[in-house]
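Just so we're clear, the structure is a prediction, and the values are computed from it rather than from any experiment. For the single chain, residues carry numbers from 1 onward in sequence order.
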Amino acid sequence: MTRSPAERARRKFRIERLVGRYLANPTVRALNRIGIDTTLATELETIGRKTGRYLRVPVAAAFDDTGSWLISQHGTRSGWAANITADPQVRIRHGARWRTGTARLEPGDDVDARTRTFASHPAFAAVTAATFRALQSAPISVRITFTHNLADERQGSR
């Protein structure tokens with residue numbers, strides 16, 4: 001039985017969503033709660049487009065001096081990406097600190113090239129990109145630009 005690309009993308013989305021919801025996300029949250037940081041994931045806090053509540057989800061992020069890059073593997077079908085579309089004000093955990101920022105979808109960005117920057121070492125870039133490709137159905141890059149410098153953010157929190 002041959003599936004169309006759209007059917008394969010829907011199936012991949014459903015499987016990845018289940019794995020994320022019931023295995024990966026709870027594991028990352030539990031590790032964060034007990035004080036164990038992972039280099040593979042951090043937490044993103046958005047404001048729910050329907051509930052208006054603060055929502056946290058584990059994400060992979062590549063940080064630089066002015067912000068961070070994320071990949072929404074399923075485009076705006078991802079709940080957090082849809083929340084960003086509705087309200088771009090976010091917080092993201094950067095090590096032990098939370099950073100505030102403004103997020104925007106970057107449809108013109110080369111997702112495959114961007115995923116290579118997520119590797120912890122250049123030797124792992126190809127493996128990192130292949131892993132992202134295996135999990136994605138409609139990927140889009142997301143840029144978070146920090147709205148305050150780190151010294152200002154040490155003063156307050158949500």
Going through the checks in order, is the side-chain contact (heavy atoms from CB on, under 4.5 Å) test met by Ile84 and Val90?
-> CA-CA 8 Å; Ile84 285 171; Val90 300; 4.0 Å; yes
Start with the C-alpha distance between Leu55 and Ile47, add both sets of side-chain angles, then the distance that settles side-chain contact (heavy atoms from CB on, under 4.5 Å), and finish with yes or no.
-> CA-CA 6 Å; Leu55 303 169; Ile47 298 173; over 6 Å; no
Take Glu43 and Trp98, measure what side-chain contact (heavy atoms from CB on, under 4.5 Å) needs, and give me the verdict at the end.
-> CA-CA 9 Å; Glu43 285 184 292; Trp98 284 94; 3.7 Å; yes
Any chance you could lay out the salt bridge (charged side-chain N to carboxylate O under 4.0 Å, His left out) test for Glu106 and Arg143, step after step, and finish with the verdict?
-> CA-CA 7 Å; Glu106 296 286 347; Arg143 175 66 180 169; over 6 Å; no
After noting the C-alpha distance and the side-chain angles of Thr42 and Leu44, does the key distance pass the side-chain contact (heavy atoms from CB on, under 4.5 Å) rule?
-> CA-CA 7 Å; Thr42 189; Leu44 174 70; over 6 Å; no
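Of the possible polar contacts, none joining the Ser68 side chain to the Asp64 backbone as a donor-acceptor pair under 3.5 Å is found. Between the side chain of Asn83 and the main chain of Arg49, a donor-acceptor pair closer than 3.5 Å is present.
The shortest heavy-atom contact between Phe63 and Arg93 is CZ-O, 3.4 Å. Closest non-hydrogen pair, Ile140 versus Gly75, comes out as CG2-CA, 3.7 Å. Smallest separation of non-hydrogen atoms from Ile144 and Gly101: CG2-CA, 4.0 Å. In terms of heavy-atom proximity, Pro139 sits nearest to Val111 at CB-CG1, 3.7 Å. Annotation for Trp80 and Ile71: closest pair CZ2-O, 3.7 Å, computed over non-hydrogen atoms.
For the residue pair Thr145 and Thr102, no side-chain donor N or O sits within less than 3.5 Å of a side-chain acceptor on the partner. For the 3.5 Å distance criterion, the side chains of Arg104 and Ser141 fail to qualify, holding no donor opposite an acceptor.
Thr100 has its side chain out of reach of Phe146: every pair of non-hydrogen atoms, C-beta onward, lies at least 4.5 Å apart. Using a 4.5 Å cut-off on side-chain heavy atoms (C-beta onward), Thr46 and Asp87 make no contact.
Note that the CH2 atom of Trp69 and the CG atom of Asp109 stand 4.5 Å from one another [nearest 0.5 Å]. Of the inter-residue distances, the one linking Arg99 atom CZ with Thr66 atom OG1 reads 9.5 Å to the nearest 0.5 angstrom.
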